[in-house]
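Below is one structure, written out as structure tokens, with a few remarks after it.
From a predicted model like this one, the values you see are computed outputs, not experimental measurements. Scope of the values below: all heavy atoms of this structure, side chains included, with no hydrogens, waters or symmetry mates.
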Amino acid sequence: MDRNAKVAVTLGDPAGVGPEVIVKALAALPREERRDFVIVGNVEALERADRVTGTGLRFGPADAPSDDRIAVDEVALGAALPEIGKVSPVAGDASVRYITRAVNLAMSGEADVIVTAPINKEAMNLAGHHHDGHTGLLAHLTGSKSSFMLLASERLNTIHVSTHISLKGAIERAKTERVLATIEAGHRHFLRLGKTARIAVAGLNPHCGENGLFGTEDTEFLAPAVEQAQAKGIDVVGPISADTVFARAYNGAFDLVIAQYHDQGHIPIKLVAFDTAVNVSLGLPIDRVSVDHGTAFDIAGTGMANHVNMLSAIAYARLMARSPRQRV
């Protein structure tokens, strides 16, 4: 890996499949590459995952590097390891503790990028951490006004104007300032990776409102955002009806689609790249990539969890680590 970048991998909800997909993914990597990783979590949870997956990995403290052990930055739980496959405040609190520690590592420069395993929003809120998930929690921990969710895959990329809010709230949030900020965030990210993105803005209403027949938001708010972005030299068009723009992007017409709300962007990505798409947080002072699946309590503890998505997240994290922020 270039620059020997340090990747901090958070355990996610310890009652879910996070520990299992982490150990399976690291076991799939060449032995010499594993020293570039530190897992933020608990050795006990990782050893439990190792027993059900049979990876044969060994774990040790991060402050005592060893070529035959995966480094673990141990985070005290303050309680017994939670039962696998169950929603619990202990697990929810643990997942927040892991993320908080990883953010501190990234903010201090001890980690170049964070990769996060899935958390459970219900468990997190039961523990008293009232955030919408990773996105809101990361913004809170880094003191950021807001962040943007990018879903990235080989042939389709989407960045969202809003994510974990009601559809009514999403409509209210699709204003010119926010849409423009989302366009700019996506544009900057692709520049950082060495490419000028061809961006399309998805319409909010059916057929972009059909000249006011089905709503005026597209002409009133989205179109001005596109015009302002174009005036700044950004390669962006739209709004384009959402029932065609994702297919056009998938077939090569655009590099990035601006989705107006959560499901508008998530459904096409999960249809075409369910196992390989990753979640990237933009607009933060740190870099973070995540798997794009949940805690899968129904199969947790069985060893059946697919680690392909974690490998994709690790690969994208490495890409970001090779692309310093000063390029933007």
Applying ring pair (Phe, Tyr, Trp, His ring centres under 6.0 Å) to H134 and not counting sequence neighbours gives none
pair T276-E154: side-chain heavy atoms closer than 4.5 Å: no
Looking at residues at least two apart in the chain, or sitting in another chain, which of them share a side chain to side chain contact (heavy atoms under 4.5 Å, CB included) with L126? V87, P89, E122
Only counting residues at least two apart or in another chain, list the ones meeting ring pair (Phe, Tyr, Trp, His ring centres under 6.0 Å) with H207. none
Do the charged groups of K195 and D255 touch, with an N to O distance under 4.0 Å? yes
For residues 97-111, the salt bridge (charged side-chain N to carboxylate O under 4.0 Å, His left out) pairs (sequence neighbours left out) are D73-R101, D93-R97
With S88 via side chain to side chain contact (heavy atoms under 4.5 Å, CB included) - residues at least two apart: P82, V90, A91
Can you tell which of S290, S146, S147 makes a side-chain contact (heavy atoms from CB on, under 4.5 Å) with T135? S147
Once ring pair (Phe, Tyr, Trp, His ring centres under 6.0 Å) is applied, what residue pairs with a partner in residues 214-251 remain, sequence neighbours excluded? none
Which of V280, T163, T182, I258 passes side-chain contact (heavy atoms from CB on, under 4.5 Å) with F148? Answer is T182
Closest approach of L11 and A117, non-hydrogen atoms and distance? O-CB, 3.5 Å
Taking atom types as modelled, is there a side-chain donor on N205 or D218 under 3.5 Å from an acceptor on the other? yes
Going by the side-chain contact (heavy atoms from CB on, under 4.5 Å) test, name the single residue among L156, V278, I159, I269 that passes it with L151. I269
Carboxylate-amine/guanidinium contact K175 E217, below 4.0 Å: no
